[in-house]
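Let me begin by presenting the structure, written as structure tokens, before commenting on it.
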There are 2 protein chains.
Amino acid sequence: MKAALSNHPSPALRPSLTASAQAVFRTLVADGPATRPQIGALLDLSRPTMSAAMGELERLGFVEKVGESQGSLGRKAALYRAGHEAGHVVAVDAGSTHVRLRVSTLDRRLLHSRTYRLPSNHKVMDEEISLAVAEEFEAANAEREPAWGPLRAIGIALPARVVRPGSGDTASTRQDRLFTHFTPPPDLPLILENNVNCAAVAERFYGVARGEEDFAYIQIGLKLGMGLMLGGRLVRGRNGAAGEIGHIAFPLAPGLSPAAGEIETYLGTEALMERVLGAWSEDAGAAPADASELFALAAAGHVQALDAVRRHAEDIGALVATCVAVVDPGLVVLGGGVGTSPLLLPTVPELAARLSYPVTVRSSTLGSDATVLGIERLAAEQAMEGLMSDGARTENSSH
Amino acid sequence: MKAALSNHPSPALRPSLTASAQAVFRTLVADGPATRPQIGALLDLSRPTMSAAMGELERLGFVEKVGESQGSLGRKAALYRAGHEAGHVVAVDAGSTHVRLRVSTLDRRLLHSRTYRLPSNHKVMDEEISLAVAEEFEAANAEREPAWGPLRAIGIALPARVVRPGSGDTASTRQDRLFTHFTPPPDLPLILENNVNCAAVAERFYGVARGEEDFAYIQIGLKLGMGLMLGGRLVRGRNGAAGEIGHIAFPLAPGLSPAAGEIETYLGTEALMERVLGAWSEDAGAAPADASELFALAAAGHVQALDAVRRHAEDIGALVATCVAVVDPGLVVLGGGVGTSPLLLPTVPELAARLSYPVTVRSSTLGSDATVLGIERLAAEQAMEGLMSDGARTENSSH
DNA sequence: CGCTTATGTTAGGCATGTTAACAAACAAAA
DNA sequence: TTTTGTTTGTTAACATGCCTAACATAAGCG
């Protein structure tokens with residue numbers, strides 16, 4: 001609350017941008033190149049104010065003229081976009097099988113992209129991932145061109161619970177292991193985020209949840225995870241454990257004792273295939289080698305596979321029903337190796353509605369890029385907030 | 001976003017209060033009487049600005065001088081509070097056994113209070129409740145004094161899911177039945193809210209969750225319910241079903257089919273007592289007549305009662321674990337007839353931490369007033385927003 | 001070549017805050 | 001009782017950030 005109303009520039013901080021200039025920059029970053037009249041109409045700003053705002057931003061190099069736009073009549077308008085000094089961000093998806101890296105401007109122009117396949121699968125983040133991140137980051141550094149402008153933020157998506165300093169117990173997450181080989185540049189915002197949360201962010205901005213303020217992204221594959229978006233904001237939880245639906249109490253029934261993480265092992269792909277193969281009958285043909293084969297068989301009409309898929313869909317429907325009973329998001333996006341199967345689509349919402357309340361269910365279409373796109377977005381937002389809060393500080397950044 | 005930046009008064013709307021005047025009024029309403037220097041320090045406003053703001057508010061009757069405050073040194077400061085024209089609100093807890101009504105000023109000075117015990121228990125809202133609400137509201141109307149100022153809002157807490165117009169399916173909640181006998185005055189904000197959500201609000205402002213931005217209030221008694229507060233805001237959900245934890249999938253175990261609302265019947269007081277009495281052995285003495293007797297026996301050290309309570313606490317712990325796995329609130333407040341028992345306190349957080357993640361668990365202490373205090377707060381907030389958005393419209397209100 | 005239309009700038013005004021200086025009211029010290 | 005320093009409140013002058021109105025510029029079109 002302190003100083004929230006104050007109109008005068010804080011004496012300690014450098015003079016910052018006007019509110020209108022900040023808003024203009026935000027829309028340029030969020031919506032891409034635009035003319036002054038377009039932004040003015042969107043933000044309800046007068047032409048003189050647009051002039052002043054653009055002047056401020058152009059003088060700082062935060063925006064640049066990139067062309068002209070001719071309407072059907074009248075003078076043509078200048079087209080602006082985020083400028084050189086707005087800089088760029090590095091986004092890393094430090095996954096358990098791949099390390100994906102994207103370098104891009106704040107307004108999402110891809111500057112560089114790398115993918116590194118890890119030699120072996122790692123169920124938890126460990127030193128090998130740290131090494132790969134360090135190498136990829138170094139390699140990206142080597143490619144850097146002056147035209148990219150200063151590096152403004154680094155975002156890293158981790159396949160682990162992420163605890164923000166000040167809330168919960170950071171030590172329990174082992175997230176420090178990331179830094180055994182990777183040393184981020186100092187004085188640069190570093191954003192760590194859970195990979196499922198990142199995928200949820202990507203769904204909100206670029207996927208099937210585009211523009212939705214409230215939804216849950218539920219990932220079903222080898223493991224279970226949920227990214228929860230309420231009121232347009234990620235719900236992270238005190239321990240960074242919001243969405244850790246692998247820890248929903250299971251089994252939960254009279255006389256049974258639940259065990260930690262049990263539903264994750266039960267609904268995970270490995271246990272699913274074990275159940276399916278254990279019940280596979282001789283006359284059903286060749287058994288599927290993995291989950292994707294199972295779903296392919298089912299899609300082709302194979303009776304026994306269909307039955308297995310239906311049963312799995314019902315289990316997932318019950319899980320979704322539980323989430324709906326707790327937060328009622330209105331929309332659930334299913335992702336992950338198993339979750340994206342269209343075969344789930346009729347069953348899951350039907351079961352969720354029967355057990356709890358109606359919910360729209362969609363399959364994710366972003367594929368394996370979701371996570372890196374999400375962390376890129378978060379890094380860009382963080383970079384922008386940094387620029388907006390101390391707009392004058394443009395010199396000491398690393399080129 | 002439209003017009004969010006505009007500085008000029010919208011031509012359609014009447015001239016409104018300045019931002020500083022609004023902020024001053026808000027703190028007076030929220031924190032009770034205060035002097036100008038106090039508010040100025042809190043909001044970081046200069047003395048001239050405080051002068052102007054107080055002038056505005058006093059001219060409209062929104063604040064009034066109520067005394068003076070002498071520090072240890074120097075001139076004494078005038079003490080202000082919400083004034084006559086700020087008016088009052090009526091808050092109703094339309095419960096299934098009682099109708100509780102409070103009339104109070106926006107800054108929580110109680111003007112009038114009534115309680116009506118319904119002749120019989122109603123598990124769902126029906127016409128009898130509507131009749132009682134109508135009668136209590138009329139009776140309160142009869143008591144109204146000019147000194148109360150205008151009525152600014154009516155809040156009603158309902159023991160049912162509440163759907164806001166525009167989201168979800170209003171028809172499915174039967175909330176219209178409230179209006180079969182009760183006709184609210186037109187042109188007056190009417191706030192409907194679920195009673196458990198109201199209790200959560202009360203816990204946040206007056207109870208054991210005071211000042212907490214994130215927590216879950218979980219009510220355990222005849223029925224199950226949760227009020228979820230994240231980022232200082234109630235989470236309501238698309239269908240108003242957030243917190244309807246009675247619909248968590250149950251039983252949830254391999255080979256079992258969950259049924260809608262089953263966990264509510266299993267964890268509810270009736271089923272608990274059935275289980276307890278069914279297993280009550282001859283040599284254990286007189287069986288408890290109801291849940292409170294059971295918990296009293298357990299508190300006195302009765303072995304069999306203790307065992308039953310422990311088992312129930314474990315079931316509740318599993319439920320809490322599920323909620324923590326989904327939203328990780330960091331704090332859970334237990335309420336309701338069974339939920340407030342201190343006997344639950346060791347077991348529930350221990351089980352939640354074992355199954356999912358650490359969470360602080362506290363017992364509610366607000367008792368049966370929680371709901372009406374919560375809806376009172378919501379109504380007062382709504383009333384204040386109304387005043388702030390069209391500050392000049394003070395004449396057409398009903399005295 | 002003017003006419004219409006859209007874009008951009010200049011000039012002036014207003015709302016809402018600030019700081020600086022002063023006046024008033026009070027307790028405690030002289 | 002007077003003086004002194006402190007706190008409260010007001011007045012005056014000014015800063016910021018937006019606005020509207022009017023003008024200048026640049027395009028298509030008859």
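Quick note on labels: first sequence line is chain A, next is B, and so on, each numbered from 1.
The CG atom of L17(B) sits 15 Å away from the P atom of dA15(C) (whole-angstrom rounding). Atom CE in M50(A) sits roughly 17 Å away from atom C1' in dT10(C) (whole-Å rounding). The interatomic distance linking E56(A) (CD) with dG17(D) (P) rounds to 7 Å, in whole Å. The CE atom of M54(B) sits 9 Å away from the P atom of dG9(D) (whole-angstrom rounding). Atoms CD (Q38(B)) and P (dG9(D)) sit 10 Å apart, rounded to a whole Å. We find that NZ of K65(B) is positioned 12 Å from C1' of dG9(D), with the value rounded to whole Å. If you take CG of L43(B) and P of dT18(C), they are 11 Å apart, rounded to a whole angstrom.
Note on S20(A): a side-chain N or O is less than 4.0 Å away from OP1 or OP2 of dC18(D). K76(B) has no side-chain polar atom (N or O) that falls below the 4.0 Å cut-off from OP1 or OP2 of dA25(C). Within the 4.0 Å cut-off from OP1 or OP2 of dT18(C), at least one side-chain nitrogen or oxygen of S46(B) is found.
In this structure, R108(A) satisfies the cation-pi test against Y206(A), with its NZ or CZ atom closer than 6.0 Å to the six-membered ring centre and inside 45 degrees of the ring normal.
Of the candidates dT5(C), dT8(D), dT18(C), the closest approach to any side-chain atom of L45(B) belongs to dT18(C). Side-chain atoms of R36(B) lie closest to dG9(D) of the nucleotides dG9(D), dG17(D), dT18(C). For A19(B), taking side-chain heavy atoms from C-beta onward, the closest of the listed nucleotides dG17(C), dT7(C), dG9(D) is dG17(C).
Using a 4.0 Å heavy-atom distance criterion, T35(B) is classed as making no nucleic acid contact. Residue A78(A) is in sugar-phosphate contact alone, with no base atom involved, counting any heavy-atom pair closer than 4.0 Å across all strands shown.
A salt bridge is defined here as a Lys NZ or Arg NE, NH1 or NH2 lying under 4.0 Å from an Asp or Glu carboxylate O, and E213(A) with R238(B) fails to meet this definition.
Judged purely by atom type and a 3.5 angstrom limit, H88(A) uses its side chain to pair as donor or acceptor with the backbone of G149(A). A side-chain donor-acceptor contact under 3.5 Å links Q38(A) to the backbone of T35(A).
Comparing E68(A) and T49(A) by the nucleotide of DNA chain D whose heavy atom lies nearest to each, the residue mapping closer to the 5' end is T49(A). Two residues, P48(B) and T18(A), neighbour DNA chain D, and the one matched to the more 5' nucleotide by heavy-atom proximity is P48(B). Nearer to the 5' terminus of DNA chain C, by closest-nucleotide assignment, is the contact made by R47(A) (compared with the other of R75(B) and R47(A)).
Side-chain atoms of I154(A) and V89(A), non-hydrogen and from C-beta on, never get closer than 4.5 Å to each other.
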